[in-house]
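Working notes for the structure below.
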Amino acid sequence: MQKKKQKKITAASLPDRNKQSFLFFEDVYSIVRLVPKGRVTTYGAIAAYLGSKLSARMVGWAMNASHNAIPPVPAQRVVNRNGMLTGKHHFETPTTMEILLRKEGVQIKDDAVVDFAERFWDPMQEMEQLL
DNA sequence: GCATTGACGAAGG
DNA sequence: CCCTTCGCCAATG
């Protein structure tokens with residue numbers, strides 16, 4: 001049986017209406033939506049969970065399209081591996097991300113999550129607990 | 001069709 | 001310890 005090579009699905013190859021159905025997007029969104037309030041995860045952790053073949057950049061790329069996602073994705077809970085709010089400029093206002101996180105009980109200092117190691121929510125780790 | 005960019009991350013200098 | 005380079009893969013010009 002021929003191995004089903006990863007079908008090269010691109011958002012551009014789909015009608016706008018189906019972009020939100022883009023599997024890779026949904027995978028990312030599903031994980032992000034699982035992040036509990038007051039916790040954060042990273043692009044790399046999500047990429048690792050989906051498979052190391054996918055780079056963390058693709059996660060960021062997917063997040064960029066998360067505005068079109070329904071239900072909405074708490075993108076503010078996704079930060080880079082350093083705990084920095086690198087995506088803050090992609091929100092409606094540069095302070096939206098920080099405000100949302102503070103509202104959820106996450107302390108932000110110098111555009112970074114305080115006690116990031118404790119706040120970190122690892123998809124793979126959490127998935128194991130569910131098993 | 002090539003070059004640049006990007007909400008990343010690891011490695012090297 | 002800070003900065004640069006490279007790999008990652010798709011989008012965009």
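Chain letters run A, B, ... following the sequence lines, proteins first, then strands; residues in each count from 1.
- The separation of C/dC8 from B/dG1, taken at their P atoms, amounts to 22 Å, rounded to a whole angstrom.
- The side-chain heavy atoms of A/Thr41 and A/Asp122, taken from C-beta on, include no pair separated by under 4.5 Å.
- With distances taken from any side-chain atom of A/Trp61 to the nucleotides B/dA7, B/dA10, C/dA11, the minimum falls on C/dA11.
- Partner of A/Glu104 under the side-chain hydrogen bond (donor to acceptor under 3.5 Å, both in side chains) criterion, chosen from A/Lys37, A/Gln76, A/Arg39: A/Gln76.
- Distance CD (A/Glu98) to P (B/dA7): 18 Å, rounded to an integer number of Å.
- In this structure, A/Asn64 and A/His90 have side chains that are in contact, with non-hydrogen atoms separated by less than 4.5 Å.
- To the nearest whole angstrom, the two P atoms, one in B/dA7 and one in C/dC2, are 23 Å apart.
- Side-chain atoms of A/Thr93 come within 3.5 Å of backbone N or O of A/Thr96 as a donor-acceptor pair.
- Rounded to whole Å, the separation between the P atoms of B/dA3 and C/dC6 comes to 15 Å.
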All N/O contacts under 3.5 Å from nucleotides 1-7 of chain C to the protein, with atom names and distances to one decimal?
from	atom 1	to	atom 2	distance (Å)
C/dG7	O6	A/Arg57	NH2	3.3

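- Here A/Ala47 lies out of heavy-atom contact (under 4.0 Å) with every strand.
- Using a 4.5 Å heavy-atom cutoff, the side chains of A/Val79 and A/Val113 are in contact.
- Counting any heavy atom pair closer than 4.0 Å across all strands shown, A/Asn64 reaches a base atom.
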